[in-house]
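I have placed the structure first, in the form of structure tokens, so that the comments after it can refer back to it.
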There are 2 protein chains.
Amino acid sequence: MKVSTVEIVKAAGILKLLGDKTRLTMVKILDANDCCVCEFVEIFKMSQPAISQHIRKLKDAGVVREARRGQWIIYSLKKESDYYPLVQNLLNHLPNQDFKLKELEEQGLRISCE
Amino acid sequence: MKVSTVEIVKAAGILKLLGDKTRLTMVKILDANDCCVCEFVEIFKMSQPAISQHIRKLKDAGVVREARRGQWIIYSLKKESDYYPLVQNLLNHLPNQDFKLKELEEQGLRISCE
DNA sequence: TGCTTATATAAGCAGATTATTATATATTAA
DNA sequence: TTAATATATAATAATCTGCTTATATAAGCA
């Protein structure tokens, strides 16, 4: 298999970043749908600052990207990242998390796709 | 792509485990060659207890396996592990580390393959 | 303009992590 | 049996992490 290679220290950094169930789930969700912070707050039942801090780490590492849309800041996977092939490959081993956003929609709490 | 799936919390655990440059390098080396603790001590220029403790984490998670051979305990990747497909996939994104063992051989410090 | 909502940032603290030193155990060889 | 080598384990100290609370910033709306 021919795949893109990431320097070992950088790869360890990415794995450490994703080695947290909240961030890993976030990234898996973002792999299928863009999301804003308040949606993650609902999904994870965590405080807004806690979510913001997780997202910041993902952003600082270049794994996600932000885009303001009015009041909201929409996050998405940064597909041009050097790490994207590695991350993508990894996400393939995780069960789909779409049900989490489905639940939000049913509660009328979905923002990004309205 | 059809791949084996790992529960998200468990996957995060594995990624956290591998999110350390020493352990990640160890696993990449073990992907190509079995090794004993004293070789890792040489390779990483770290204390023996530090190496032992890293290896123990890998062993506790079921990522590596040990086999005593006389005085030495030889470690190898545990290919039957549920996590092996994920780990293997991940290792494909890392540059080869064979040169590290080559250096040991040149210094006459290689154990496992004598 | 001032209020509300969404998000970010900063400070602080508790628990986790990773190294160190000291010591124990197991195997081999003299 | 004793000494040497390889490894593991325990205690501990320093650093890192991930939350909390408090506060700042930015956009939308009355």
Side-chain angles (χ1 to χ4, degrees), chain A residues 8-9 12-27 30 34-61 63-76 104 107-114, chain B residues 8-9 12-27 30 34-61 63-76 104 107-114:
Chain A
I8 217 155
V9 172
I14 294 296
L15 298 183
K16 182 181 202 172
L17 188 73
L18 299 182
D20 171 280
K21 70 175 191 294
T22 304
R23 288 191 295 266
L24 186 59
T25 308
M26 279 178 170
V27 170
L30 290 177
D34 297 353
C35 269
C36 66
V37 170
C38 61
E39 291 172 316
F40 284 135
V41 169
E42 274 304 318
I43 289 172
F44 293 106
K45 307 290 181 205
M46 279 171 83
S47 73
Q48 175 268 314
I51 296 293
S52 266
Q53 285 163 38
H54 280 302
I55 286 197
R56 181 137 93 101
K57 290 185 183 183
L58 292 171
K59 197 180 64 176
D60 287 351
V63 170
V64 308
R65 157 186 41 218
E66 63 177 30
R68 185 172 276 279
R69 202 174 90 196
Q71 206 167 7
W72 298 283
I73 298 178
I74 307 294
Y75 286 91
S76 54
L104 277 199
Q107 298 174 265
L109 296 171
R110 186 83 168 91
I111 306 292
S112 317
C113 290
E114 58 194 11
Chain B
I8 217 155
V9 172
I14 293 296
L15 298 183
K16 182 182 201 172
L17 188 73
L18 299 182
D20 170 281
K21 70 174 192 295
T22 304
R23 289 191 294 266
L24 186 58
T25 308
M26 279 178 171
V27 170
L30 290 177
D34 297 353
C35 269
C36 66
V37 170
C38 61
E39 292 172 315
F40 284 135
V41 170
E42 275 304 319
I43 289 172
F44 293 106
K45 307 289 181 209
M46 278 171 85
S47 71
Q48 175 267 314
I51 296 294
S52 266
Q53 288 167 55
H54 280 302
I55 285 197
R56 181 137 93 101
K57 291 185 183 184
L58 293 171
K59 197 180 64 176
D60 287 351
V63 169
V64 308
R65 155 183 45 215
E66 64 178 27
R68 183 172 279 277
R69 202 173 89 194
Q71 205 167 9
W72 297 284
I73 298 178
I74 308 293
Y75 287 90
S76 55
L104 277 199
Q107 297 173 265
L109 296 171
R110 186 83 167 91
I111 306 291
S112 316
C113 290
E114 58 194 11

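Below, chain A is the first sequence line, B the second, and so on; all start at residue 1.
- Applying the side chain to side chain donor-acceptor pair (under 3.5 Å) test to every pair with at least one member in residues 40-55 of chain A, sequence neighbours left out, gives these pairs: A/Arg23-A/His54, A/Glu42-A/Lys45, A/Gln48-A/Ser52.
- Minimum interatomic distance between A/Ile8 and B/Leu24 (heavy atoms only, all atoms of both residues): O-CD2, 3.7 Å.
- Counting to the nearest Å, the P atom of D/dT7 and the NZ atom of B/Lys59 are 12 Å from each other.
- The partner of D/dA30 is C/dT1, by the rule that a Watson-Crick or G-U pair needs both atom distances under 3.5 Å.
- When rounded to the nearest whole Å, the span between CD of B/Glu42 and P of D/dT7 equals 12 Å.
- Per the geometry, CD1 belonging to A/Ile55 stands 7 Å off P belonging to C/dA8, to the nearest Å.
- B/Ala12 and A/Asp20 get closest at one heavy-atom pair: CB-C, 3.9 Å.
- B/Ile111 has its CD1 atom 6 Å from the P atom of D/dA6, to the nearest Å.
- At the phosphate of C/dA8, neither OP1 nor OP2 sits under 4.0 Å from any side-chain N or O atom of A/Arg56.
- We find the CD-CG distance between B/Glu39 and B/Leu109 to be 8.5 Å, quoted to the nearest 0.5 Å.
- Candidate nucleotides C/dA8, D/dA8, C/dA6 were compared by shortest atom distance to the side chain of A/Ile73, and C/dA8 ranks first.
- In terms of heavy atoms, B/Leu15 sits closest to A/Gly19 at CB-CA, 3.8 Å.
- The side-chain heavy atoms of B/Ile43 and B/Met26, taken from C-beta on, include no pair separated by under 4.5 Å.
- Atom CG in B/Leu58 sits roughly 15 Å away from atom P in D/dT7 (whole-Å rounding).
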Once base and sugar-phosphate atoms are separated, protein heavy atoms under 4.0 Å mark nucleotides 13-23 of chain C, 5' to 3', with B, S and - as ----SSBBBB-
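- When all heavy atoms of A/Arg110 and A/Asp34 are compared, the closest pair comes out as NH2-O, 3.4 Å.
- Across the protein-nucleic acid pair, A/Trp72 atom CH2 and C/dT4 atom C1' stand 12 Å apart, rounded to whole Å.
- Smallest separation of non-hydrogen atoms from A/Arg69 and A/Ile111: NH2-O, 4.0 Å.
- Considering only side-chain N and O atoms, B/Tyr75 lies nowhere under 4.0 angstrom from the phosphate OP1 or OP2 of D/dA6.
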Counting primed atoms, P, OP1 and OP2 as sugar-phosphate and everything else as base, the B/S/- map of nucleotides 24-30 of chain C against protein heavy atoms under 4.0 Å is ---SS--
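- Here D/dG18 presents its C1' atom at 12 Å from CD1 of A/Ile51, a figure rounded to the nearest Å.
- Per the geometry, CZ belonging to A/Phe44 stands 19 Å off C1' belonging to D/dT20, to the nearest Å.
- Minimum heavy-atom separation, A/Tyr75 to A/Leu30: O-CD2, 3.4 Å.
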